[in-house]
Trainee: 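What follows is a single structure, and I will ask about it in a moment.
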Amino acid sequence: MNKRLTVKKSNCPQNHTCPAVKVCPVGALSQNLFDAPVIDQDKCIKCGKCANFCPKKALVLEQI
Ligand code: SF4
């Protein structure tokens, strides 16, 4: 089964440094100022660490 990480911008208050960026083991997340994080889908290994870490559930690992 394939998975895909998505950002739910409506869940992200976009007013702080995203703590999940540092959790990613492959550097697939980046953030511009306090915007919602951006995913590099080519780097992401779909491990789910960021999805489990974000308290707002703004990062979601979906089954596709
Ligand atoms: S699912 Fe894993 S590899 Fe992908 S962005 Fe989140 S922490 Fe990084």
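When a ligand or atom number is given, it counts from 1 through the structure's own listing order. Keep in mind that this is a model prediction, so the values were computed, not measured. Just the heavy atoms: all of them, side chains too, but no hydrogens, waters or symmetry mates, feed the values below.
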Trainee: Under the rule for side chain to side chain contact (heavy atoms under 4.5 Å, CB included), what residues qualify as partners of Ser10, not counting sequence neighbours?
Mentor: none

Trainee: Between Leu29 and Ile39, is the side chain to side chain contact (heavy atoms under 4.5 Å, CB included) condition met? List the steps.
Mentor: CA-CA 5 Å; Leu29 289 178; Ile39 306 155; 3.7 Å; yes

Trainee: With a 4.5 Å heavy-atom cut-off, do Leu5 and Val60 have their side chains touching?
Mentor: no

Trainee: So, with waters excluded, how many protein N/O/S atoms does atom 6 (Fe) of ligand 1 have closer than 2.8 Å?
Mentor: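 Excluding waters, the total comes to 1.
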
Trainee: Got a salt bridge between Lys8 and Glu62, using NZ or NE/NH1/NH2 to carboxylate O under 4.0 Å?
Mentor: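 Answer for the salt bridge query: yes.
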
Trainee: What are the two closest heavy atoms between Gly48 and Leu61, and how far apart are they?
Mentor: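 Closest approach of Gly48 to Leu61: CA-CD2, 3.7 Å.
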
Trainee: Report, in ascending order of atom number, the atoms of ligand 1 lying under 4.0 Å from any heavy atom of Pro25.
Mentor: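 Listed by number with element, the hits are 7 (S).
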
Trainee: Under 4.0 Å from a heavy atom of Val26: which atoms of ligand 1 are those, numbered in the order shown and with their elements?
Mentor: 3 (S)

Trainee: If you take all heavy atoms of Ala28 and Cys24, which pair is closest and at what distance?
Mentor: N-SG, 3.2 Å

Trainee: Side chain to side chain contact (heavy atoms under 4.5 Å, CB included) between Gln63 and Asn2: does it pass, once the steps are laid out?
Mentor: CA-CA 6 Å; Gln63 309 283 349; Asn2 285 331; over 6 Å; no

